[in-house]
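Working notes for the structure below.
Along the sequence shown, the residues carry numbers beginning at 1. Keep in mind that this is a model prediction, so the values were computed, not measured.
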Amino acid sequence: MANNNAKGWRRVIHAFGYSMKGLKACFELEEAFRQEVFLLIPLVPLALWLGETPVERAILVGSLLIVPIVELLNSAIEANVDRVGLERHELSGRAKDIASAAVFSSIAFCLVNWGLILIPKL
């Protein structure tokens, strides 16, 4: 639980700790998140190398980083839905499907950005 009494830097430090705890949990429990993180390792340096301008580098790297961010949100939604109940329910399925569609959309966004920047260079 969040520490409601913390103020200033203390609150920031607590928030950082909760964020690290969330990243660790997602990395340990979510295969898709691990795969995306492992893809970032070679792709971020590649993006920095392939981008000719600072704007191109920012678009290439930024579009890569959006994918695991959306995956974190997807995992949070799925965990919340599963906590409520494991029985099948139309709304639970819809929430999970929409969150999954957001991940798909972020991947498509990334691919479009990379294509728009790199294909003309070929």
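By the rule that hydrophobic residues join a cluster once side-chain heavy atoms approach within less than 4.5 Å of another member, L72 and V70 end up as members of separate clusters. When the side chains of ILVMFWY residues are joined at heavy-atom separations under 4.5 Å, either directly or via intervening members, L23 and F16 end up in a single hydrophobic cluster. Cluster membership for W49 and V44, using ILVMFWY side-chain heavy atoms within less than 4.5 angstrom, is shared. Residues L65 and L48 share a hydrophobic cluster, clusters being chains of Ile/Leu/Val/Met/Phe/Trp/Tyr side chains in contact below 4.5 Å. If you chain together hydrophobic residues whose side chains sit under 4.5 Å apart, L39 and L118 fall into the same group.
Here K121 pairs with E52 in a salt bridge; the nearest charged N to carboxylate O distance falls below 4.0 Å.
Nearest heavy atom pair, residue N113 against residue L60, reads O-CD2, 4.5 Å. When all heavy atoms of C26 and S75 are compared, the closest pair comes out as SG-OG, 3.6 Å. The two residues A99 and I77 come nearest to each other via the heavy atoms CB-CD1, 4.0 Å. In terms of heavy atoms, L40 sits closest to P68 at CD1-CG, 3.8 Å. Taking every heavy atom of both residues into account, L50 and W114 meet most closely at CD1-CZ3, 4.2 Å. The heavy-atom pair separating A6 from H14 by the smallest distance is CB-ND1, 3.4 Å.
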**Item:** Intermediate values then yes/no, side chain to side chain contact (heavy atoms under 4.5 Å, CB included), K96 and D82
**Value:** CA-CA 10 Å; K96 286 183 166 191; D82 289 345; 2.6 Å; yes

**Prompt:** How far apart are the C-alpha atoms of T53 and E56, what are their side-chain angles, what is the distance that settles it, and do they pass the side chain to side chain contact (heavy atoms under 4.5 Å, CB included) test?
**Reply:** CA-CA 5 Å; T53 67; E56 284 184 355; 3.4 Å; yes

**Chi angles and distances behind the side chain to side chain contact (heavy atoms under 4.5 Å, CB included) call for L43, V61** = CA-CA 8 Å; L43 289 178; V61 172; over 6 Å; no

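In this structure, OG in S100 is found 6.0 Å from CG in N74, a value given to the nearest 0.5 Å. Expressed to the nearest 0.5 Å, how far CG of L73 lies from OG of S106 amounts to 9.5 Å. From L111, atom CG reaches atom CG of L64 across 9.5 Å, with rounding to the nearest 0.5 Å. To the nearest 0.5 angstrom, L46 atom CG is 14.0 Å from I41 atom CD1.
Judged as a side chain to side chain donor-acceptor pair (under 3.5 Å), and not counting sequence neighbours, the contacts of E31 are R34, Q35. Residues passing the salt bridge (charged side-chain N to carboxylate O under 4.0 Å, His left out) test with E90 are R94, sequence neighbours excluded. Residues passing the side chain to side chain donor-acceptor pair (under 3.5 Å) test with N80, sequence neighbours excluded: none. For F109, the ring-ring contact (aromatic ring centres under 6.0 Å, His included) test picks out no residue, with sequence neighbours left out. With sequence neighbours excluded, no residue forms a side chain to side chain donor-acceptor pair (under 3.5 Å) with E36.
Tested against K24 for a side chain to side chain contact (heavy atoms under 4.5 Å, CB included), the candidates K21, M20, E28 yield a single pass: E28.
Among residues at least two apart or in separate chains, ring-ring contact (aromatic ring centres under 6.0 Å, His included) pairs with a member in residues 23-48 are F27-F38.
A heavy-atom distance below 4.5 Å is found between the side chains of I117 and I59.
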